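Remarks on the structure that follows.
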There are 2 protein chains.
Amino acid sequence: MPDIQPDKAAAAQQIRHLQDTLYVVNGKWKLPILVAVHQGNSRFRDIQRSVQGITTKVLSTELKALEQNKLVVRRVYDTSPPTVEYTTSSYCDTLQTMILEMIAWGKNHHDRIREE
Amino acid sequence: MPDIQPDKAAAAQQIRHLQDTLYVVNGKWKLPILVAVHQGNSRFRDIQRSVQGITTKVLSTELKALEQNKLVVRRVYDTSPPTVEYTTSSYCDTLQTMILEMIAWGKNHHDRIREE
DNA sequence: ATATCTGGCATCCTTTAGGTAACTGGCATC
DNA sequence: GATGCCAGTTACCTAAAGGATGCCAGATAT
C-alpha cells in the first residue's frame, strides 16, 4: 500500500499546470491582444483598433503585463514624436498551437450555437 | 481597389472566435473544474478537493454555468440522501486538445520560470 | 488656423469575480 | 446524543477588472 498514488498526483499536477497557464493569460484581453500583435499590428492605435472595444487604459495595462511576462517586446524609436512598436516575442510563439486551438474551438462553438 | 480586404477580415474573425471561446471558459476556475470532472471526480466534494482552494459557493456557481453551456451533465439519483453526479459531456470532449495544449504550455512555462 | 494623428496617463466610477462564514436537513458513525 | 458527511444555499464583503472621460504635446494633414 503505497503512500503516494501516482495517478492522483499526476492528475493534481495537470490541474496545477493548467492554472499556471491561466495565471499568465487571464482576463478578457491578453490573448486577443497577443493575436492582434502577432497579426502584425505593431502600433498602439492599430492594436486598439484590432481589438474591438478595448480602451487605451486597459490596453496599456495589459501590454505592460504581457511585456513583463516576456510575451511581447516594446521598442521605442527616437523619432519625434517617438515611435513605439510592439511585437510578439519568440517565447510567445510557444503559445501558437494553444491559441490556434482556442480559435478553432470558438469557431466551432459559434457555428454550433447558430444552429440552435 | 477592393472595399473588403479579405486578410483583414479574416484576422478580425480570428480574434472574434478567440473571444467566443474566452466567453465560455472565462475565470480562474472553469477549466480546472472541467479537468477535475474529466479525471473522474463526479461528486461535488471530490471535485472541491481536486480543485485546491475553491469554495463551495464558487464551485456551485461555476458548475451551473458549465451545465448551461452543456459542458457538464448533472444527474441526481433518488437515494436518501440524494446522490448527485457530475460528468463531462461529449461536447466537452471537443475541448480536449485545447486543454491539453494549455496544460503542456503551463508545464513548460513553469519549468522555464524555475530555471531563472 | 484648425482638425486629427500619435502613445499614452490620470481620475473617477461601476461591475463582476471571488472569498468568508454560517446554516440547512437528512443520514451514518462514534 | 454529539459529531461528521453530503450537496449545496444565503447573506455579506473585498479586491480586482474593466469602462468613461478628459487631457497632454509634438507632428502632420486640410
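Residue numbering restarts at 1 for every chain, and letters A, B, ... go by the order of the sequence lines. Bear in mind that the values here come from a model prediction, so they are computed numbers and not experimental data.
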*Counting side-chain heavy atoms from CB outward, which of dG8(D), dG19(D), dG19(C) is closest to Val58(B)?*
dG19(C)
Any side-chain N or O of [X] under 4.0 Å from OP1/OP2 of [N]?
X: Arg45(B); N: dC5(D); answer: no
X: Tyr86(A); N: dG8(C); answer: yes
X: Ser60(B); N: dT9(D); answer: yes

[X] (side chain) donor-acceptor with [Y] (main chain) under 3.5 angstrom:
X: Arg43(A); Y: Val84(A); answer: yes
X: Thr21(B); Y: Met102(A); answer: yes
X: Ser89(B); Y: Lys70(B); answer: yes

Nearest-Å distance for atom pair [atom1]/[atom2], residues [X] and [N]:
X: Leu59(A); N: dA17(D); atom1: CG; atom2: C1'; answer: 15 Å
X: Tyr77(A); N: dG26(D); atom1: OH; atom2: P; answer: 23 Å
X: Leu63(A); N: dT6(C); atom1: CG; atom2: P; answer: 15 Å
X: Tyr23(B); N: dA17(D); atom1: OH; atom2: C1'; answer: 16 Å

Mind checking if [X] touches a base, just sugar-phosphate, or nothing, with heavy atoms under 4.0 Å?
X: Glu62(B); answer: sugar-phosphate
X: Lys64(A); answer: sugar-phosphate
X: Ser80(B); answer: sugar-phosphate
X: Lys28(B); answer: sugar-phosphate
X: Arg49(A); answer: sugar-phosphate

Check if the side chain of [X] and the base of [N] share a donor-acceptor pair of N or O atoms closer than 3.5 Å.
X: Lys57(B); N: dG19(C); answer: yes
X: Thr56(B); N: dT9(D); answer: yes
X: Arg74(A); N: dG7(C); answer: no

*Heavy-atom distance under 4.5 Å between the side chains of Leu95(A) and Glu101(B), does that happen here?*
no
*Using a 4.5 Å cut-off on heavy atoms from C-beta on, say whether the side chain of Lys107(B) contacts that of His110(B).*
no
*Under a 3.5 Å cut-off on both pairing distances, which runs of 3 or more consecutive Watson-Crick or G-U pairs involve DNA chain C?*
C:1-5 with D:26-30, C:7-24 with D:7-24, C:26-30 with D:1-5
*For the residue pair Tyr91(A) and Asn69(A), what are the closest heavy atoms and their distance?*
CD2-O, 4.2 Å
_Pair listing, ring pair (Phe, Tyr, Trp, His ring centres under 6.0 Å) test, anchored in residues 10-60 of chain B, at least two apart_ = none
